[in-house]
Peer 1: 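Could you have a look at this structure, given as structure tokens, before my questions?
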Amino acid sequence: MQAARSRPNGGWEWISWLYMRVSAVLLVFLVLGHLYIMHIVNSTDTIDFAFVAQRLADPFWRVYDLLILLLALSHGLNGLRGIVNDYTRPGGGWRLFWNATLWTVGLVFTVLGALVLFSFDPTAFAGR
Ligand code: HEM
């Protein structure tokens, strides 16, 4: 039986196809590292505000978390774009609507997530 979606021959769709695979491989390592540190070395029983504050004080973990955010969000939304393309007509209104929605969700959550990671200030909560 032939696969539902095969590898594109070139252009943006090929870049998108390749991106899905590269981001998936990177996510495996980043997410396994995250699981190991947060759930095996440490535990959700002991993770508290101080732990998170200490972790986010280190630029390495901010960049690590940012990479997971950017890769998972763009991988997931690009995967949804593929599904939208399967179910809508090229040039049609629904395709435009769903693509605009995916881009909006992507931009809003990228900005919100990056803001949390890079503007987090534990001292702002002192004395509350
Ligand atoms: C370790 C993590 C992950 C791996 C190894 C992985 C792997 C893959 C692979 C190999 C594909 C097929 C790409 C293609 O057909 O071109 C795919 C598609 C997809 N992925 Fe992931 N993925 C991961 C995480 C995620 C996450 C976190 C999300 C959501 C936020 C997500 C959402 C999707 C979607 C929506 C598709 C498209 C499904 C379809 O076309 O039917 N994935 N993923």
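Start at 1 and go down the list; that is how both ligands and their atoms are numbered. Hydrogens, waters and symmetry mates play no part in the numbers below; they use all other heavy atoms, side chains included.
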Peer 1: For Asp121, is the CG atom crowded, meaning more than 12 foreign heavy atoms sit under 6.0 Å from it?
Peer 2: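 Count over threshold, so yes.
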Peer 1: Could you tell me which non-hydrogen atom of Leu56 sits nearest to which non-hydrogen atom of Asp65, and how far apart they are?
Peer 2: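 So the minimum-distance heavy-atom pair works out to CD2-OD2, 4.1 Å.
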Peer 1: Is the closest side-chain heavy-atom distance between Met38 and Arg55 below 4.5 Å?
Peer 2: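 Yes - at least one pair of side-chain heavy atoms lies under 4.5 Å apart.
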Peer 1: With heavy atoms of Gly79 as the reference, note each atom of ligand 1 found under 4.0 Å away.
Peer 2: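 Here the atoms of ligand 1 in question are 34 (C), 35 (C), 36 (C), 37 (C).
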Peer 1: Leu80 near ligand 1, heavy-atom distance under 4.0 Å?
Peer 2: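 The answer is yes: ligand 1 sits under 4.0 Å from a heavy atom of Leu80.
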Peer 1: For Val28, take its heavy atoms, then give the atoms of ligand 1 lying under 4.0 Å from any of them.
Peer 2: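 Counting from 1, the qualifying ligand atoms are 1 (C), 5 (C).
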Peer 1: Measuring from non-hydrogen atoms of Ala72 to any atom of ligand 1, is the shortest distance under 4.0 Å?
Peer 2: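 Yes, Ala72 has a heavy atom closer than 4.0 Å to ligand 1.
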Peer 1: May I ask which of Arg7, Arg81, Arg21 has a heavy atom nearer to atom 14 (C) of ligand 1 than the others do?
Peer 2: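 Checking each option, the heavy atom nearest atom 14 (C) of ligand 1 is found in Arg21.
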Peer 1: Relative to each other, are the rings of Tyr64 and Phe60 parallel, tilted or perpendicular (30° and 60° limits)?
Peer 2: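 The arrangement is tilted - the two ring planes meet at 30° to 60°.
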Peer 1: The test is salt bridge (charged side-chain N to carboxylate O under 4.0 Å, His left out); show your working for Glu13 and Arg81 and say whether it passes.
Peer 2: CA-CA 11 Å; Glu13 283 309 321; Arg81 189 185 65 86; 3.0 Å; yes
